[in-house]
Each structure stands twice: as structure tokens, then as C-alpha cells.
Amino acid sequence: MASIKRRRGKYHVVYYYLNEDGEKKQKWESFDTEAEAKHRKAEIEYKQGSRTFIAPSKTTVAAFLEDFVSLYGTKKWSPSTYEANTGLIRNYINPKLGSTLMQDVTSIAADRFISALQRTKCPTYKNRYSKTEYMTPANIERINKLLRCAFGQAVRWDIIAKNPFENTTLPKIKRKPREIWDAATIRKALDECKDGRLYVAINLSFACSLRIGEIVGLTWDNIHISDADIAGDNAYLCVEKELVRVREDSLAVLGEEEIIKKFPRTMYLEDASTVIVLKTPKTESSVRKVWMPKTVAYILREWKASQDKQKEFLGSEYLDYNLVVALPNGRPCEETVISNAFRRLKRDAQLPDVVFHSLRHSSTTYKLKLNHGDIKATQGDTGHSQADMVTKVYAHILDEDRKVNAQKFESAFYANPDLRSVRPPEEPKEPAPATLDLEALVEQLRKSPELANTLAALLVSAPSEK
């Protein structure tokens, strides 16, 4: 139960509660008016009676987020997501909200925080400069998404009553459709490409819809291109891992359950804080089987033969990790190597400026066109976790194919000869007013004197107007 006491012109709601250690504590809450105090008293008594009352807590946002990362993030996040989210907490959230009590973060406080982020300059790290001076709407949306998840867990853990970041007012994001290459441009790129690794990577991205991390993490044991496979149109690959560079301290926190292999550092990078690893894909749907065209299968067989020659030439100096796309000495080929080679190809061949990941979008677009919008089949190749990812990103392609429905409807239904003559009913038209052709009348009168005499008699007998 709660009571109201008046002191020094204020109305105080007084009640007891049990703290986190089970100790009975007294709490005073001050209000300017008696009506506010009565409302708060009734609210406290109702929540205490229904056992939904949340006791006051001195937990700060920084302290809570530390627990959140430890109890939730380490179980749910991949190494790259862990590094990104802890960076957002360290650089943007804690400096502005870290010392605030969790129960003091209201909906209006959340909106003020989001508004303040729009005036926050992007930090600089080790001579790495941001493309924009201030926080972009997209990054603000990422921070809000992280806080919405975190404060959602706070509600679940009975630290706060409701999530203040559930319906925040975010700045508008001007989303531009990703520029992609069409099939003709990709053919030109392949014709101009002189880099073997990049040539293989482009084919795997376009024909098999692979992400760049999946391409550089592909191993030969996941490639099935035997004579029997190719002859039976059954050549395929299995996506089971991806290659990434992660921080050692992140691995120490997250553990190495998802790590398939850690590659040794080169001599000149022995003191580096990061390491290249092969890890399981980020989602279960990313683990998939993808059938490939015969031509791609033959390209991979030729690439394997050239790789075997390189291995034989280098002998013991070749580090054989069984990677499909590797450096000349067999070491892992990171994403940046492919991206840099792709940039040079665009420059030398004067191709439209797109990022390498756009080839995966080109692949999805092309497949949707070929299979007339078969979303599930396309999703199986791309490894999207949900089909609506395909429908949202590639809706314009589906709309184009829907136009074909009208053409098919015309040929299948309206091609019936009995319906060809059917036309919409026309509205009755008023007859056009009669016009007098004077030249024709004069000619007729000249040829017929009787008609001229009759007309003259009619004119003489006609009554004149007054």
C-alpha cells in the first residue's frame, strides 16, 4: 500500500518495496499537485496488487548494457555483429546515456537521444575518416535497433515496465535502389577479366548467388563437378562456411564454437589483433546446396587444374588449405583482394560503377526473370532467411513479370474468334447538322430550267418576315 504526505508545498507518495537483495526499502516520490500524487498512488497500489510492480532500481544504462552484451549478445551475435554493436555502445550510446538510470529513460528521453545523434559528428579512428561529417540516418537506425532489442530484454527481465525505443521518431532514410549490371555487362566484364581469381569469383557470384565471404571461404570438398555430375546436370556446390577477419578479443569473449579453422598469421603480422577464420554462415538458411550451370562447372575444373600446377611448382612453399579461391601461395584470399581486383576491372574496362555484392543482386534479378518470379526457388539459391527479403528487394522485377500476365491472358482467353468481334458498347451519336452546298445547287438549277422556275415560284409565294 502507498500513502500521500504533504511537505514543503509538495505531495509525496510513500511506499515500501523489496530491493534486488530482498531488503525492505522505503521510497518517496514527489509531485506538484495532489491529483498527480493520487494518480501515482493508485497506479502503485494496482501494480502491487497485480504483481506487475517494478521496484526502483539504480541500474544505469551502461551497467545494464554490459549485462545485456554478456547474457544476450555473446549467445546471439556473430563476431562481426559483436564488434559492430559493442562499437556503437562504446562510441555513441554510453557517452550520452551511459550514466542515466534505466527507469529514467522514457519515450521522450529516447526521442531526445535520437535527435541528439543527428547532431553528433562521426569519430575518426587511426586515420580512418567517415564519408559524412555527422551521423547518417542509416547508422542512427542501427543504434535504435540495438537499443530496441536491449530495452526489450530489460522489459523481459523486469527492470523496466515498457520499451521506450519501440516507437521512436527516426530521421527519414532516402533509400536508393542498388545499381546492378545486366547480363550483357557481366558478359563484357568476363570477356575483359584477366585475373583468374576474380573471373572465378564473378561466375560464382552471378551464377550461384554467393556472397563474397562465401566465395573466398569455399573449399574443394564442397564442389561436386565430376563427369557424371556434369553429364546429368547435377553439378553443384554446398555453402557451409565463410571466410572473415575477426578480432582476437571478440573470439575470447564469444568462444570458438562457430569457428571451423583459424589461419596462422604471416610473419610480419604476428602482433596483429585480428585473425582470419573460416566460420559457419550467419544463419541456418545460409547453409545450402546450389546447382550450377555446366559452363561454370568446367570453369572450376580448369581453375582446379591451374591451381594444381601452381601447387606442384611451389612444392612445400605452397600452403594447401583446400580453398577454391586462394592467393598464389595457397593462403586465404580476403574480400579486399577480390574487391580491389574488381575495382581495377571496372576502371580498365570502363564498366558502370557498382560494388562486387551487386553481382549477387544481378543474379537474383536474372533468376527471377528466368523462372517467372519463383521466389522460393530463388530464395533457396540466395540463402535469404525469409522469402519477403526477396519480394521487398526485387519487387520491381516481379512487377515486370506480372505485366506478362496480361499478355498471356490476351492470348489464352481473348484469342477466341467469337470474342474478337466484341467491342465495348458505343454511346449514340447525334446526327450532324445539314449543310448547304451552294455550288452544287447552282449547277442543278442551270441544268434544269423546270426546277429553277419551281424554286422561283416558291420564293414569290413565301410570306415575307416583318
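Just so it is clear, the model here is predicted, and its values are computed rather than measured. All values below were derived from every heavy atom in this structure, side-chain atoms included, with hydrogens, water molecules and symmetry-related copies excluded.
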Item to check | Test item: side-chain donor near acceptor, Glu240 and Asn222, under 3.5 Å | outcome: yes
Checklist outcome for this item: Smallest heavy-atom separation, Val324 atom then Trp303 atom, equals O-NE1, 2.7 Å
Next on the checklist: Regarding Trp77 and Glu83, do their side chains bring together a donor and an acceptor under 3.5 Å, going by distance alone?
Outcome noted: no
Checklist entry - So do Thr86 and Val69 actually touch side chain to side chain, heavy atoms under 4.5 Å? => result yes
Next on the checklist: Quick check: do Gln310 and Pro328 have side-chain heavy atoms less than 4.5 Å from each other?
Outcome noted: yes
Checklist entry - Just one of Glu242, Glu257, Glu214 clears the salt bridge (charged side-chain N to carboxylate O under 4.0 Å, His left out) bar with Lys279, so which one? => result Glu242
Next on the checklist: Are Ile202 and Phe356 packed together at the side-chain level, in the sense that at least one heavy-atom pair is separated by less than 4.5 angstrom?
Outcome noted: yes
Item to check | Carboxylate-amine/guanidinium contact Arg301 Asp227, below 4.0 Å | outcome: yes
Next on the checklist: How long is the straight-line distance from CZ of Arg331 back to CZ of Arg265, given to the nearest 0.5 Å?
Outcome noted: 10.5 Å
Item to check | Side chains of Thr60 and Ser99 in contact at under 4.5 Å (non-hydrogen atoms) | outcome: no
Item to check | Carboxylate-amine/guanidinium proximity below 4.0 Å for Asp348 and Arg344 | outcome: no
Checklist entry - Hey, mind stepping through Arg40 and Tyr15 against side chain to side chain contact (heavy atoms under 4.5 Å, CB included) and telling me if it holds? => result CA-CA 11 Å; Arg40 177 56 176 160; Tyr15 59 92; 4.1 Å; yes
Next on the checklist: Any side-chain to backbone donor/acceptor pair from Asn203 onto Tyr199? Under 3.5 Å, distance only.
Outcome noted: yes
Item to check | Verdict with reasoning, Leu323 to Val216, per side chain to side chain contact (heavy atoms under 4.5 Å, CB included) | outcome: CA-CA 7 Å; Leu323 294 167; Val216 294; over 6 Å; no
Item to check | Ring geometry between Phe68 and Phe64 (parallel below 30°, tilted from 30 to 60°, perpendicular above 60°) | outcome: parallel
Checklist entry - Any idea which heavy atoms bring Lys75 and Leu71 closest together, and the distance? => result CG-O, 3.5 Å
Checklist entry - Distance only, no hydrogens: is a donor on one side chain within 3.5 Å (strictly under) of an acceptor on the other, for Arg360 and Ser209? => result no
Checklist entry - Can you name the nearest heavy-atom pair linking Ile180 to Ser362, along with the distance? => result CB-OG, 3.4 Å
Item to check | Spacing of Asp320 atom CG and Asn329 atom CG [to the nearest 0.5 Å] | outcome: 11.0 Å
Checklist entry - Any side-chain donor paired with an acceptor under 3.5 Å for Ser339 and Thr336? => result no
Item to check | Intermediate values then yes/no, side chain to side chain contact (heavy atoms under 4.5 Å, CB included), Leu204 and Leu300 | outcome: CA-CA 9 Å; Leu204 288 173; Leu300 288 174; 4.3 Å; yes
Next on the checklist: If the threshold is 4.0 Å, N to carboxylate O, is there a salt bridge linking Lys311 and Glu317?
Outcome noted: no
Next on the checklist: Set out, in order, the CA-CA distance, both residues' side-chain angles and the distance that settles side-chain hydrogen bond (donor to acceptor under 3.5 Å, both in side chains) for Arg247 and Thr274, then state yes or no.
Outcome noted: CA-CA 4 Å; Arg247 292 183 60 86; Thr274 59; over 6 Å; no
Checklist entry - Any cation-pi pair here, Lys261 with Phe263, using under 6.0 Å and within 45°? => result yes
Name each donor-acceptor pair under 3.5 Å that joins a side chain in residues 186-197 to protein atoms two or more places apart or in another chain, with its distance.
unit_1	atom_1	unit_2	atom_2	d
Lys194	NZ	Glu192	O	3.2
Asp195	OD1	Arg197	N	3.0
Asp195	OD1	Leu198	N	3.2

Checklist entry - Looking at side-chain heavy atoms only, is the closest gap between Asn167 and Ser107 below 4.5 Å? => result no
Checklist entry - Are any side-chain N or O atoms of Arg288 and backbone N or O atoms of Ser286, one a donor and one an acceptor, separated by less than 3.5 Å? => result yes
Next on the checklist: Quick one about Asp182 and Thr185 (side-chain donor to acceptor, distance below 3.5 Å, no hydrogens or angles considered), yes or no?
Outcome noted: yes
Item to check | Rounded distance [0.5 Å steps], CD1 in Ile143 versus CD1 in Ile89 | outcome: 10.0 Å
Next on the checklist: I need the Gln307 CD to Glu312 CD distance, nearest 0.5 Å.
Outcome noted: 13.5 Å
Checklist entry - Is the NZ atom of Lys76 crowded by more than 12 outside heavy atoms at less than 6.0 Å? => result no
Item to check | Student check: side-chain heavy atoms of Leu146 and Phe165 closer than 4.5 Å | outcome: no
Checklist entry - Would Thr219 and Asn322 count as a side-chain hydrogen bond (donor to acceptor under 3.5 Å, both in side chains) if you check the C-alpha gap in whole Å, the side-chain angles of each, and the deciding distance to 0.1 Å? => result CA-CA 5 Å; Thr219 52; Asn322 204 32; 4.8 Å; no
Checklist entry - How close do His12 and Ser30 get, heavy atom to heavy atom, and via which atoms? => result ND1-OG, 2.8 Å
Item to check | For Ile260 against Thr280, the heavy-atom pair lying closest together | outcome: CD1-N, 4.0 Å
Item to check | side chain to side chain contact (heavy atoms under 4.5 Å, CB included) between Lys304 and Trp220, worked out | outcome: CA-CA 9 Å; Lys304 181 71 166 65; Trp220 285 112; 3.2 Å; yes
Next on the checklist: Nearest 0.5 Å, please: how far is CG in Leu97 from CG in Leu65?
Outcome noted: 8.5 Å
Checklist entry - Mind checking whether His224 and Tyr236 have parallel, tilted or perpendicular rings, split at 30° and 60°? => result parallel
Checklist entry - Are side-chain heavy atoms of Phe151 and Lys162 found at a separation under 4.5 Å? => result no
Next on the checklist: Once rounded to the nearest 0.5 Å, what's the spacing between atom CG of Leu345 and atom CD of Gln350?
Outcome noted: 11.5 Å
Checklist entry - Where the side chain of Ser226 meets the backbone of Asp229, is there a donor-acceptor pair that is under 3.5 Å apart? => result yes
Next on the checklist: Run Glu43 and Lys38 through salt bridge (charged side-chain N to carboxylate O under 4.0 Å, His left out) and show every step you take.
Outcome noted: CA-CA 9 Å; Glu43 180 184 25; Lys38 286 182 177 180; over 6 Å; no
Review item, side-chain donor-acceptor pairs of residues 108-119, under 3.5 Å, at least two apart:
unit_1	atom_1	unit_2	atom_2	d
Asp111	OD1	Thr169	N	2.9
Ser115	OG	Arg119	NH1	3.3
Arg119	NH1	Ser115	O	3.3

Checklist outcome for this item: Note: Leu243 and Pro332 closest approach over all heavy atoms is CD1-CB, 3.5 Å
Item to check | Pairwise side-chain contact, Asp233 with Lys294, heavy-atom cut-off 4.5 Å (strictly under) | outcome: yes
Item to check | Pair Trp28 and Tyr11, ring centroids less than 6.0 Å apart | outcome: no
Item to check | Donor-acceptor contact below 3.5 Å, side chain Asn144 vs main chain Thr168 | outcome: no
Item to check | Pair Phe342 and Trp181, ring centroids less than 6.0 Å apart | outcome: yes
Checklist entry - Sequence neighbours excluded, which residues qualify as salt bridge (Lys or Arg N to Asp or Glu O under 4.0 Å) partners of Asp104? => result none
